[in-house]
Amino acid sequence: MTSGVYFIQISDYTETKKINDASLTLLKEIESENKIKFEKELPIKVHFGEKGNTTFIKPENYVSIINYLKTKTNPFYCETNVLYKGERTFSKTHMKIAKEHGFTQLPIIIADGDHGENYEEIKINKKHFKECKIGKIIANSKQLIVIAHFKGHMLAGFGGAIKQLGMGCASRGGKLAMHAQSKPILNPLSCKKCNTCVQHCPTNACIISTIPHIDYSKCIGCATCIAVCPHDAIKINWASTTPKSFNEKLAEYALGATTNKDGTRKKIIFINFVFNITKNCDCHGHPDKIVAKDIGILASNDPVALDKACIDLIRKNEDKKIFGGDNQLTYGEKIGLGTTNYNLIKLT
Ligand code: SF4
Ligand code: SF4
């Protein structure tokens, strides 16, 4: 099996008009190749960039896509809240950052709710996960546009379409399951017995007694308590994560995000912006160093082929060893997420 990856080369991120024109050309190419008829509502999965980050892809680069989709459907920006404590932990501050970063063209929906409570369990039956906790709005949509910034990532090696799907579409509990042991740790010495976790825990697993603890026989690993505890007494258990297993889990969650509840696959247009190629991801709340030359925009209906084409182009220009993490591609291929065999089709 071979997948088509469309590519328009642009070697300068400041060429906003060229980038807009190219984005739209690529979107239309995939739309027509796959004979996509847009449904009434269409989530556009983006990343708003953490507060202080300056290298995320700004929406002014794909306003052309937004305006085009507005003539065909009702598009909206879609994101999930993050696991760590920051501006994007809760919907209110997350949406505030989004607007400050220029995402004002469309309504914004946080797909998994304020505490990660809105998710669907999507069955995949793979090595790490039998089910994936996917943000409800995304899980219930049969179509998606996934816009990703292709760059490095501390744990995954690189982050593109697979990362945007796997981590970006997972609910808070899904993110916890990929990053760590799926159940958090409550430190009784830091606990102030305020009962906030008790009020939010969906399974009554937070036990605030003489020695506060989590009842693991009830805990479903939703990660709500980590977010809501005002005293940081509940932490992620990072013990079990290695880059290899993290990438396998990421690919499995990406498969979950592309799968409908009835087991069929969603119609998805993936667009990777390969500019501002930093060592770390856009969740870092500070300006990051650019480590590779701008490449342009690539699009496909196959996230594995797309990310493979992006990393190959970067490695052609730079050190061949730049960014590890290729097992998200090979494992993604093994579980049926896509193929690493691609045909690069250059457009102008
Ligand atoms: S929210 Fe935190 S501080 Fe409050 S009772 Fe729960 S663990 Fe303790
Ligand atoms: S104790 Fe478990 S089920 Fe309860 S909020 Fe925390 S992670 Fe969710």
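Every number for a ligand or one of its atoms is a count from 1 in the order of the listing. Heads up: numbering here begins at 1 and tracks the sequence.
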Which of the ligand 2 atoms, numbered from 1, are nearer than 4.0 Å to a heavy atom of Cys225: 1 (S), 5 (S), 6 (Fe), 7 (S)
Thr93 and Glu87: side chain donor to acceptor below 3.5 Å: no
Minimum-distance protein heavy atom relative to atom 3 (S) of ligand 1: Lys192 N, 3.3 Å
Where ligand 2 meets Cys206 - atom numbers and elements under 4.0 angstrom, heavy-atom basis: 1 (S)
Between Lys293 and Asn317, a side-chain donor and acceptor under 3.5 Å: no
Close-contact set for ligand 1 against Cys191 heavy atoms, below 4.0 Å: 3 (S), 5 (S), 7 (S), 8 (Fe)
Side chain, backbone, both or neither: Pro184 near ligand 2, heavy atoms under 4.0 Å: side chain
Ligand 1-proximal atoms of Pro230, by part, heavy-atom distance under 4.0 Å: side chain
His231 neighbourhood, listing ligand 1 atoms whose heavy-atom distance to it stays under 4.0 Å: 3 (S)
Quiz item: cation-pi between Lys28 and Tyr68, 6.0 Å / 45°: yes
From CA spacing to verdict: salt bridge (Lys or Arg N to Asp or Glu O under 4.0 Å), Asp326, Arg315: CA-CA 12 Å; Asp326 290 35; Arg315 285 176 182 160; 2.8 Å; yes
Residues Glu252 and Lys127 bridged, charged N to O under 4.0 Å: no
Distance filter under 4.0 Å to Ile234 heavy atoms, resulting ligand 1 atoms: 7 (S)
Nearest-contact summary for atom 2 (Fe) of ligand 1 - protein heavy atom, Å: Cys229 SG, 2.4 Å
Shortest protein contact, atom 6 (Fe) of ligand 1 (heavy atom only): Cys197 SG, 2.3 Å
Side chain, backbone, both or neither: the part of Asn195 lying under 4.0 Å from ligand 1 by heavy atom: backbone
Proximal ligand 2 atoms for Thr203, defined as those under 4.0 Å from one of its heavy atoms: 3 (S)
Atom 4 (Fe) of ligand 1: nearest protein contact (heavy atom, Å): Cys194 SG, 2.3 Å
Ionic contact status for Lys72 with Glu31, cut-off 4.0 Å: yes
Sidechain N-carboxylate O distance under 4.0 Å for Lys316, Asp312: no
Ring centre gap for Tyr13 and Phe273 strictly below 6.0 Å: no
Side-chain donor-acceptor contact under 3.5 Å, His149 with Asp282: yes
Atom 6 (Fe) of ligand 2 contact by Cys219, N, O or S atom under 2.8 Å: no
